[in-house]
Each structure stands twice: as C-alpha cells, then as structure tokens.
Undergrad: 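Let me give you the structure first, and then I'll get to my questions.
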Amino acid sequence: MDKHQDDSKINLEYDIIRNDFKRAGEASSDIKSILKKIGIDSKVVRKVAIVTYEAEMNIVIHSYGGNIKVTIKSNNIIIEAYDRGPGIENIPLAMKEGYSTATNEVRELGFGAGMGLPNINKCADDFKIKSTPEGTRLLITINF
Amino acid sequence: MVFHSVVLDDEYCKGCTNCLKRCPTEAIRIKDKKADILKERCIDCGECIVVCPYHAQDSITDDIRDLNKFKFNIAIPSTTLYGQFPLEINIDRIYQGVKDLGFNYVYDEGRAADIIAITFDDILENRTKNLPLISSLCPAVIRLIQIRFPSLIENIMRVESPMEIAARMAKKEVMNKYDIPLDEIGAFYLTPCPAKYTSIKEPLGIKKSYMDGAIAIKKVYGDLIRNEKKIREEEKFSKGSSKGIGWSRVGGQSMTMGIKKYVAVDGIGNVIKVLEEIENGNLNDIEFFEGYACVGGCVGGPLNVENPFIAKSRIRQIYEDDKYVIERTPEEIKELKKLFNSGYLSWTEEIAPRGALKIDDDIFKAFTKIEEINKITQSLPGLDCGSCGAPSCRSLAEDIVCRGTSIENCIFMIK
C-alpha cells in the first residue's frame, strides 16, 4: 500500500493481482479499517467497504490485474478502480443484477454472483465506467 | 461505559499473554507484569476469563445476601441452567433448590424466549432493508458492533432479550398473584455471562432494566447440587417450552423461529469475521444472523460450570424431546402478538456507536498518525510476541503514537 497526504486530501493506493484469492479482500479490508480509525461516518464507511470490496474482487476475478485508489477529501470520497483488460464487452448487461461471466471454478469459490457492478451502483452517488479491451476504469464518488 | 463486570485480580495475574492475544477489541495491555483492561474498549465478553490459566480474570456479580434489599425475591434462571445437570434430574428439583437459596418465586427464562419465538415472524415479514437482521440476544456482540461495526447498528433487531422480558413478565405475574408493590420485588438473574450483568447495570436500548441484579451460576452451583439431594418435595414450576429453552445454544433462535435463511455463529473471533462479511454486503440474501461471543452459544458462558459441549448436547436433546413441546391456542398466540405489537418487548432507546478505536477527532490528524503508526510497525520485528505488553506489533505502534508508550518496551529494540 502507498499513501500520501497533502493539505486537503488523503490518498490510499493498492495493487491488485489477478486470480490471487489468498490476498483477495485485503485491500478493501485495509481501506475499511483506516476509514473507521480516522473517524469517517459509519454509513459512508459501509458504502466505501462495499464498493472497494466489489471492485477488488472484480479485478481479481475478471481482469489481468490492476489497482485501486481511494481519495478522501473534506466532503467526499473518490474511488478509482483500474485494470489492464480484457475489458467488459457489454456494460449495460454487466450492470444488470445476476448477470455474470465468471467461470464455474470462480463460482465454486463463492464469487461471481453477478452482483458486483449493481452493488457498486447502489452505493455510489456518482458512478462512471469506461471499458476497452486495454482496460476498465471505474470512478465512484461517495458524498459525506 | 462506566460499569464493567469483567475485572482482574492482580494477586493471581502472572502477566502472561494469554488474555492479551485473545481480546477481540485489543482492550488488554500488560503493565508491570499485570494485565490492565482499557475500560473504554472492553465489551465484557468474558473471553479473557475463559482463557486465563490462573483464573485471575473474573466477573463481578451479586450474592445471595443482596436479596435482603427486597421483601419479595424472584429468581430468573438462565435457560443454560438446563444444560448444567444430567437430564435424569428433574429440573423442578433444581428450581426448588434455587428457591431454597432464599427466593420466593422462580420464573423460567425460557418462558420469555417462547414469547419472542412466537411473535417474531412479524418483524421479519415487513423487512426489506438492512438485512440480515442481527439478533440482539448477546450483549457482547452488540457492544462489539458499537465499537468495531457501527454501520451495522441499524441491522440489530430492536427487541429486548429474554432475560429482560422475563424480568418484566415475572414482576407483573407476582404483582397480580400476590398483590405486592413493584418496588418491593427484586428480580435476580442466574447468569452464565458477565455481559448480561453489565446489561443490567448499564442496559442497551432501554433506560432501566427490570432486573435488579444477577448471580453467577457457578456461585450457586454447589448449593444446587447439594439441595437437589435433600429435597423431599418439589413444586411444579411453570416452564418454557423446548423452543424457548433451545435459545441457549447457537442456532437455537433461528431454529425455533422457523427461519430458513439464517447464519448462526459462535465464538467472538468467528463473529468478527462474519460481521466483516455483512459489512461488505456479502450476506444480503440472509434474513437473520445470530452471533454469540461464547463457543456453543450461551451454554459456553464463562460463568457456567458444565463443559459447553456437554451442556449444548443436553439442550439439543431437550429441543428434540416431545415432552417439552407446549401447544399454544390461537387465543394465546393472539394475546402474545398483541403484547409484542404494543412495543412492550421492544427497545425504547437508540444505541450509539462507541468510537473507542478512533485515533483522533480530526480526520487529517488521525491519518497523519496512521502513517506514523505504519512506519513504526514496519520497524518492529512483526512477531506479535506480546512481550511489550501490547497484543501485536501494530498495536504497540498505535500505543506509541496515541498513548505515549515507549518503543523500548519492545525487547528486540533494546537488544
């Protein structure tokens, strides 16, 4: 984890490795623990926890790897999740509850229920998603 | 919180690290070779009592002499008492023994658990938000949520525990039967657990408890065994059904309320792991979560005597025994539902988050401190040996930054 702070914001950054189910969830868990310790409102913490957890699992399961960046400002928290491909073919379909492209192996591990992006969408005050075969970028804003 | 039931007896404490490592809120430090409990973090779960090999951790509860405060005393035995004796012994003889300790009346806690089991489906029916609903039975779990999972407070069911409901119902029953004014009646819980005693002194969700005190089961256990042998004739006490009694073991609540989509977890460490999952939104398809600080559920409470697994097996046998089934008439059920819907069994007060883990009131100052803590943590050996008196290298780093502890407490730093 890398972090740095300037006057008005806090940055947290995590590399996420593909298919690494041993460490999967550690980044979002660390983010959650930091937010709690610095005294962010518990409702906001829960939203960030869900968003970062789903984004992290998406990168682990579906991508070639990527990273998650959290920026805490005085009136909101911005979460950026970036991966290096292969991209989401059909974004409107991926936003539908229950739609999943996860393999059977992944489902046997208890993941890939097709709730990732819909859950993120529910928690976000603003949600932008861009995807090409070179990579997918999620930009989520959660207001205080 | 001002009052804590869990206390340390310095005389027996060797300053070992058993309790240090097991405390779920990292509330223990070893100072000058004695354990010290950080009061603002303690949730009275009793984990330290269970793991202490020297029996230095203990729990404050009342004594039989406290009955002198009232003219008329009711004993309310926890349903875990059913698991403390071989099933061949008639529970009426045990209850007679309880009464012979100096009580005027015995009210079985299982009767109160029955009421919730019968009326509960109404709560779940209309619930679409904040699932799973989290059981309010274990007070240590609720306090854990206040400290470590404040965002889950809105998932907790706002219904009183059987202990509290039993105290209200028992006092009402005695007032009606014997025409005794409320302030002359004392209600004492025979408790398996320090967290319950704390809940009497500092209740969660209500202003004041109807329970006036509690006596640890292990304090009277010997008397109950001796009394049972001497009793010539025992009363027939009014008791709970297999459903209500079943609440004293993990899974009991969900089973008796007929909930299919439930998760039942025992042991405070396991409870923490599942609460993390709930917080991440992974259990949204689950209707009900029952969590217990103690292994096995309340039968594993540190103030019981019997081995938790043996006690749990006995409770299961009772749960499956037709002898303990009580059929309710539709009128009875209607009456109880009316009582439930009147709010008589519900919480009246909101419960607030406890910011005991917060590092600083200012977000940015707190973050600077976290960076410093991370830096110090990296310079420490990472063995989490506990020799410094903190439960892990990371918590020593936190103590250095937030509490002014010296880094020289680490034996590897002075080498």
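In what follows, every chain begins at residue 1, and chains take the letters A, B, ... in the order their sequences are listed.
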Undergrad: Can you tell me which portion of Pro353(B) sits under 4.5 Å from chain A's heavy atoms? Options are side chain, backbone, both or neither.
TA: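 Neither part.
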Undergrad: As an exercise, state the distance from CD of Gln146(B) to OG of Ser42(A), rounded to the nearest 0.5 Å.
TA: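 The OG atom of Ser42(A) is 11.5 Å from CD of Gln146(B), to the nearest 0.5 Å.
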Undergrad: Testing the basics here: between Ala366(B) and Lys37(A), what is the closest heavy-atom pair and its distance to 0.1 Å?
TA: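 In this case the closest contact between Ala366(B) and Lys37(A) is CB-O, 4.4 Å.
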Undergrad: Measure Ile278(B) against the heavy atoms of chain A and call it side chain, backbone, both or neither at under 4.5 Å.
TA: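 Backbone plus side chain of Ile278(B), per the 4.5 Å heavy-atom cut-off to chain A.
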Undergrad: Pick whichever of Glu279(B), Arg148(B), Glu398(B) has the most heavy-atom pairs under 4.5 Å with chain A.
TA: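 Looking at each option in turn, the highest pair count goes to Glu279(B).
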Undergrad: Heavy-atom distance under 4.5 Å to chain A: side chain of Asn282(B), backbone, both or neither?
TA: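 The answer is the side chain of Asn282(B).
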Undergrad: What are the two closest heavy atoms between Ile50(A) and Gly281(B), and how far apart are they?
TA: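 Closest pair (atom of Ile50(A), atom of Gly281(B), distance): CG1-N, 4.0 Å.
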Undergrad: Sequence neighbours left out, what passes side-chain contact (heavy atoms from CB on, under 4.5 Å) with Asn284(B)? Give chain and number order.
TA: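 By the side-chain contact (heavy atoms from CB on, under 4.5 Å) rule, Asn284(B) matches no residue at all.
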Undergrad: In terms of heavy-atom proximity below 4.5 Å to chain A, should Leu357(B) be classed as side chain, backbone, both, or neither?
TA: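 Backbone only.
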Undergrad: If you take all heavy atoms of Ile370(B) and Ile34(A), which pair is closest and at what distance?
TA: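 Between these two residues, the closest heavy atoms are CD1-CG2, 3.9 Å.
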Undergrad: Heavy atoms only: give me the nearest Glu154(B)-Arg46(A) pair and the separation to one decimal.
TA: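 Shortest heavy-atom separation between Glu154(B) and Arg46(A) comes out as OE2-NH1, 4.1 Å.
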Undergrad: Considering only heavy atoms, which portion of Asp360(B) lies under 4.5 Å from any heavy atom of chain A: side chain, backbone, both, or neither?
TA: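 Only the backbone of Asp360(B) comes within 4.5 Å of chain A.
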Undergrad: Between CG of Asn280(B) and OG of Ser29(A), what distance do you get to the nearest 0.5 Å?
TA: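 So the gap between those two atoms works out to 7.5 Å.
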Undergrad: Starting at NZ of Lys9(A), measure out to CZ of Phe367(B) and round the result to the nearest 0.5 Å.
TA: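 If we round to the nearest 0.5 Å, Lys9(A):NZ and Phe367(B):CZ are 12.5 Å apart.
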Undergrad: Is Lys69(A) atom NZ crowded by more than 12 heavy atoms from other residues, nucleotides or ligands, each under 6.0 Å away?
TA: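 No, NZ of Lys69(A) has 12 or fewer neighbouring heavy atoms, counting only those of other groups under 6.0 Å.
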Undergrad: Mind checking the CD1-OG1 spacing from Ile10(A) to Thr368(B)? Nearest 0.5 Å is all I need.
TA: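 Rounded to the nearest 0.5 Å, the CD1-OG1 separation comes to 7.5 Å.
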Undergrad: Quick check for you: to the nearest 0.5 Å, what is the distance between Ile153(B) atom CD1 and Lys43(A) atom NZ?
TA: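 The distance works out to 9.0 Å.
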Undergrad: Please look at Lys47(A) and chain B and tell me whether the side chain, the backbone, both or neither of the residue comes under 4.5 angstrom of a heavy atom of that chain.
TA: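 Contact with chain B: none, neither part.
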